[in-house]
Amino acid sequence: MKKRVLFIALASALVSTMMAQEVEHRKEVYVIKAGKASGISTATPVEQKEIGKAVMEFMYDYKYLTDTTDVSRNETDRMTLQVTYGMSKFTSFRAMQIDSLIRVSTAEQIRANPDSYIGGETFSIYKNYPQGRFTVIDKVSTDWFHYEEDIPVQEWILTDDTCNILGYECKSAVCDFRGRRWTAFYTDSVPVADGPWKFGGLPGFIMQVYDEGHQYEFTCVGINSKADRVMTIPEVPFNKTTRPKFYATKLRFDTDPFGYMMNVNGVNVQVKGADGQPRTDITQPRTLQYDYIERDWK
């Protein structure tokens, strides 16, 4: 029997997470008025399909700005690049840990400590899966999305800059890709021609890559050359879409999360302050203070 863990407590954790960048809101009371409770649970085990077994794993620190007007406001997540013969998967290590933890936890354990069961980037990128294509999966609110694209061509220009990362001598290259100018440092001492996120196409392994302005940055912080962890993809009802349509949906949620949850998920969220009065200012649509990693989708 498939294990299902659904409860209202995580709904407030989800809403609180969306507002976490505003410190003064940490003491607010978030009340779920009505709707489909299961639609906002973040602690439901997801069935996984095994698609291969990694022979090497690379750990990256993924840093990105949440406000381009304030460089001190950045986020960091630990990401994992799993590599096997002819295919790779790039995903959040935190998300992998949470998925494993949920499967061995009871509803009471999750309810007692919901913060332990949320976090991590929601996207995963599968390179050369299916063959000759990229598969990208991601979540917006509680909705799973899936799109494929041709393996992108990155026209790298090799430069003379060098650096040392994890003891590997790295060479530099730059390219313009989907609205940003990127700088990469790669090494030919690792027997893999790959890199984080959607990057590749260099004569070596990409140890670090960042955009002009350092709004997005990936840095390799660990290598496991004897990996044997399985590579999986969720078996869920995906919304099949395209890259531009996915970003349009993501923008809709990021600028108006409460409206999205009500109109799409059927969940009505009422926000009250410490005095018990409604906080309609929080639920109003807002303008993003940053650009997505890909700027060319519009």
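These numbers were taken from a predicted model, which means no experiment stands behind them.
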Any salt bridge between [X] and [Y], counting N to O under 4.0 Å?
X      : Y      : answer
Lys63  : Glu217 : no
Glu121 : Arg94  : no
Asp143 : Lys139 : no
Arg243 : Asp296 : yes
Glu294 : Lys198 : yes
Arg181 : Glu212 : no

Once the angle between the rings of Phe238 and His146 is folded into 0 to 90°, is it parallel (under 30°), tilted (30 to 60°) or perpendicular (over 60°)? tilted

Hey, what's the ring geometry for Trp297 with Tyr292, parallel, tilted or perpendicular (30° and 60° as the breaks)?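 The rings of Trp297 and Tyr292 sit tilted, inter-plane angle from 30° to 60°.
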
pair [X]-[Y]: side-chain heavy atoms closer than 4.5 Å:
X      : Y      : value
Val209 : Thr183 : no
Phe123 : Trp197 : yes
Ser172 : Asp160 : no
Phe58  : Val192 : yes
Tyr247 : Ile293 : yes
Lys127 : Phe90  : no
Pro203 : Asp188 : no
Glu155 : Cys175 : no

Just verifying a value: how many Å separate [X] [atom1] and [Y] [atom2], rounded to the nearest 0.5 Å?
X      : Y      : atom1 : atom2 : answer
Met87  : Thr135 : CE    : OG1   : 10.0 Å
Tyr147 : Phe246 : OH    : CZ    : 6.5 Å
Thr280 : Gln284 : OG1   : CD    : 6.0 Å
Glu148 : Tyr129 : CD    : OH    : 9.0 Å
Tyr290 : Glu75  : OH    : CD    : 10.0 Å
Met59  : Met79  : CE    : CE    : 10.0 Å

According to a hydrophobic-cluster definition based on side-chain heavy atoms being under 4.5 Å apart (Ile, Leu, Val, Met, Phe, Trp, Tyr only), do [X] and [Y] belong together?
X      : Y      : value
Phe253 : Val264 : yes
Tyr210 : Trp156 : yes
Tyr260 : Met262 : no
Tyr216 : Val174 : no
Val136 : Val140 : yes

Treating [X] as the side-chain partner and [Y] as the backbone partner, does any N or O pair qualify as donor plus acceptor under 3.5 Å?
X      : Y      : result
Asn263 : Gly259 : yes
Asp150 : Pro152 : no
Asn224 : Lys226 : yes

Start with the C-alpha gap between Ile137 and Tyr126, add the side-chain angles, then the distance that decides, and say whether side-chain contact (heavy atoms from CB on, under 4.5 Å) holds. CA-CA 8 Å; Ile137 64 171; Tyr126 300 80; 3.9 Å; yes

Please find the pair of heavy atoms, one from [X] and one from [Y], that lie closest to each other, and give the distance.
X      : Y      : result
Ile206 : Gly195 : CB-CA, 3.9 Å
Leu158 : Ala173 : CD2-CB, 3.8 Å
Gln154 : Gly200 : OE1-O, 2.9 Å
Leu202 : Ala184 : CD1-CB, 4.0 Å
Tyr85  : Val55  : CE1-CG1, 3.7 Å
Lys53  : Thr84  : O-OG1, 2.9 Å

What about Phe205 and Tyr186, are their ring centers closer than 6.0 Å? no

Pairing residues for Phe177 by the ring-ring contact (aromatic ring centres under 6.0 Å, His included) criterion, not counting sequence neighbours: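 For Phe177 there are no ring-ring contact (aromatic ring centres under 6.0 Å, His included) partners, ignoring immediate neighbours.
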
With side chain to side chain donor-acceptor pair (under 3.5 Å) as the criterion, how do Asp61 and Thr76 come out once you've worked through the C-alpha distance, each side chain's angles and the decisive distance to 0.1 Å? CA-CA 7 Å; Asp61 274 348; Thr76 301; over 6 Å; no

Hey, can you pull the donor-acceptor pairs under 3.5 Å for the side chains in residues 161-171, sequence neighbours left out?
residue : atom : partner : partner atom : Å
Asn164  : OD1  : Gly167  : N            : 3.0
Asn164  : ND2  : Glu169  : OE2          : 2.8

Which is it for Thr91 and Thr80 under the side chain to side chain donor-acceptor pair (under 3.5 Å) test, yes or no, and what are the steps along the way? CA-CA 5 Å; Thr91 193; Thr80 300; over 6 Å; no

Whether over 12 other heavy atoms sit under 6.0 Å from Glu50 CD: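 Atom CD in Glu50 is crowded, with more than 12 foreign heavy atoms closer than 6.0 Å.
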
Run Val83 and Leu81 through side-chain contact (heavy atoms from CB on, under 4.5 Å) and show every step you take. CA-CA 6 Å; Val83 176; Leu81 176 65; 3.9 Å; yes

With a 3.5 Å cut-off and sequence neighbours excluded, list the donor-acceptor pairs that the side chains of residues 228-237 form with protein atoms.
residue : atom : partner : partner atom : Å
Arg229  : NE   : Glu57   : OE2          : 2.9
Arg229  : NH2  : Glu57   : OE1          : 3.1
Thr232  : OG1  : Gln48   : OE1          : 3.1

Please walk me through it: do Ser88 and Asn128 pass side chain to side chain donor-acceptor pair (under 3.5 Å)? CA-CA 7 Å; Ser88 66; Asn128 206 34; over 6 Å; no

Report the C-alpha separation of Ser141 and Met261 in whole Å, then their side-chain angles, then the decisive distance to 0.1 Å, and conclude whether the side-chain contact (heavy atoms from CB on, under 4.5 Å) test is met. CA-CA 7 Å; Ser141 186; Met261 291 172 67; 4.0 Å; yes

Step by step, work out the side-chain contact (heavy atoms from CB on, under 4.5 Å) result for Phe145 and Thr249. CA-CA 10 Å; Phe145 289 83; Thr249 302; 3.7 Å; yes

